[in-house]
Amino acid sequence: VIREFRAAMAAANRDWFALDSTLQTLTLLRDLEFRPDETGAAVDIVEREIARANPPFVPRQVFLFSGHMVDAPNRAEPRFPADKVPIATAEIQKALDQLGAGEGDLALTQGASGGDLIFATSSRSELFALNKATGRRVWSHDLVGEYRAPLTGRGYSCSPILYGDTVIVTMGGFDQGVAAFDRQTGRPIWKSGSFVWAPASPILIDVDTQAQLVVLAGDLVVGMDPVSGRVLWSHPHKTDWGLNISTPVWSPDSHLLFVSAAYGTGSRALELRQSGGRTTVTEKWASSRMRVHIGTVIRIGDYAYGASGD
């Protein structure tokens, strides 16, 4: 145990947050009197390493950004006017200058924002549209109370995603696995898909110039038309208790979609190709060695990085 934890501490490279997370888990095991000798030795090793690590970053100021992102280079269907990018950049810089932004500050982007509205979900399966300036509720939906979406034992965790004039969320239930609402009024636009709800948030990708909404459901991964909700393709990715949690990762250059889950499932890479509105799905590989539970996978070049474990 001592040898393995010393190796793990070396691999952590004095990452304070990783070390602190490990210590919290070990402390819980120690309090439960689980293998007290081994746990106590591991706690001593981690505490010594934390004492040598750099303390956590404490920002001077925290800035929360919300708004529509500019288009990526060579986007097939432009959404953000190219001539407005310099104007937006100048306005953002002006605001940061007025707020005295500088070294030692932290910038965050979260949620979804469109126009003068911010969209957010609650752990109780509620969707809110809030006025960005005042925080006033403009409209909201109780997905369970209004649409009989299934209760989520561990809380609802899907992040809303914007497409066109709609805001899209996973919901669950027969023929309503995913739902889209009008951004301004909250009016339902479409509901589609009969599959098991899972905590993972959907993503938007571009497959050979076709926009697709990728949803990691409880037992499969699905591609949908974000305009109509029509299911374009699906591929099995079953995990115990339907706990597909980690957000899928898309590699546009290689046309590969990476998905991963814990509880005996593991990871797989799917190659997506589209022609004439028809998508072909080819599983390039699957492995149970990497099982990402809750954390987000990061793609850097040809590699996907994530924390593995059940």
Side-chain angles (χ1 to χ4, degrees), residues 1-65 100-111 123 153-155 157-159 198-201 203 216 239-241 243-251 258-269 285-310:
V1 172
I2 294 175
R3 182 178 66 251
E4 293 298 327
F5 264 91
R6 283 176 175 166
M9 294 305 97
N13 196 27
R14 298 187 181 178
D15 183 327
W16 189 94
F17 290 100
L19 295 170
D20 183 66
S21 176
T22 301
L23 181 60
Q24 291 183 44
T25 301
L26 289 170
T27 301
L28 175 62
L29 293 175
R30 183 186 61 187
D31 292 345
L32 293 173
E33 299 182 352
F34 176 79
R35 296 187 177 180
D37 293 339
E38 293 91 338
T39 303
V43 167
D44 291 341
I45 293 171
V46 177
E47 286 181 336
R48 286 197 298 270
E49 194 66 18
I50 287 178
R52 299 168 58 195
N54 293 324
F57 170 62
V58 179
R60 185 175 63 97
Q61 298 182 91
V62 178
F63 297 97
L64 175 63
F65 287 84
E103 185 177 353
D105 294 336
L106 177 65
L108 301 173
T109 58
Q110 293 193 28
S123 61
R154 296 169 177 81
S157 57
C158 168
S159 296
S201 296
I203 62 172
L216 186 53
T239 186
D240 292 342
W241 306 292
L243 287 177
N244 280 322
I245 302 173
S246 185
T247 306
V249 175
W250 173 241
S251 176
F258 176 88
V259 293
S260 187
Y263 302 119
T265 302
S267 305
R268 70 185 75 244
W285 58 264
S287 172
S288 61
R289 292 185 63 186
M290 183 176 184
R291 304 183 305 279
V292 180
H293 187 191
I294 297 174
T296 299
V297 174
I298 298 174
R299 181 182 71 88
I300 303 177
D302 294 331
Y303 293 87
Y305 298 86
S308 176
D310 294 345

Does CD1 in I298 sit with more than 12 non-hydrogen atoms of other residues, nucleotides or ligands closer than 6.0 Å? no
Which heavy atom in R291 sits nearest to a heavy atom in A262, and how many Å separate them? CB-CA, 3.8 Å
Gap between atom CD1 of I294 and atom OG1 of T247 - 0.5 Å precision: 12.0 Å
Please enumerate all residues that pass ring-ring contact (aromatic ring centres under 6.0 Å, His included) together with Y263, with sequence neighbours excluded. W241, H293
For the residue pair V46 and L26, establish whether any side-chain heavy-atom pair is separated by less than 4.5 Å. yes
Verify, without hydrogens or angle tests, whether T39 (side chain) and R30 (backbone) share a donor-acceptor contact under 3.5 angstrom. no
May I ask you to decide if P199's main-chain N or O and S157's side chain share a donor-acceptor pair within less than 3.5 Å? yes
Give the minimum heavy-atom separation between S267 and M290, together with the two atoms involved. OG-O, 2.7 Å
Heavy-atom pair with the smallest gap, counting every atom of S246 and V292: OG-CG1, 3.6 Å
With side chains defined as the heavy atoms from C-beta onward, is the minimum distance between R268 and V259 less than 4.5 Å? yes
Output for pair (W285 CH2, S287 OG), nearest 0.5 Å, gives 6.5 Å
So does D31 have more than 12 non-hydrogen atoms from other groups sitting under 6.0 Å from CG? yes
Closest contact, heavy atoms only, S308 versus R289: OG-O, 3.5 Å
At their closest point, which heavy atom of A304 faces which heavy atom of V297, and how far apart are they? CB-CG1, 3.8 Å
Step by step, work out the side-chain contact (heavy atoms from CB on, under 4.5 Å) result for E47 and L23. CA-CA 7 Å; E47 286 181 336; L23 181 60; 3.8 Å; yes
Ignoring hydrogens and geometry, is there a side-chain-to-backbone donor-acceptor pair from T239 to T265 under 3.5 Å? no
All heavy atoms of S201 vs all of S159, minimum pair found to be OG-N, 2.8 Å
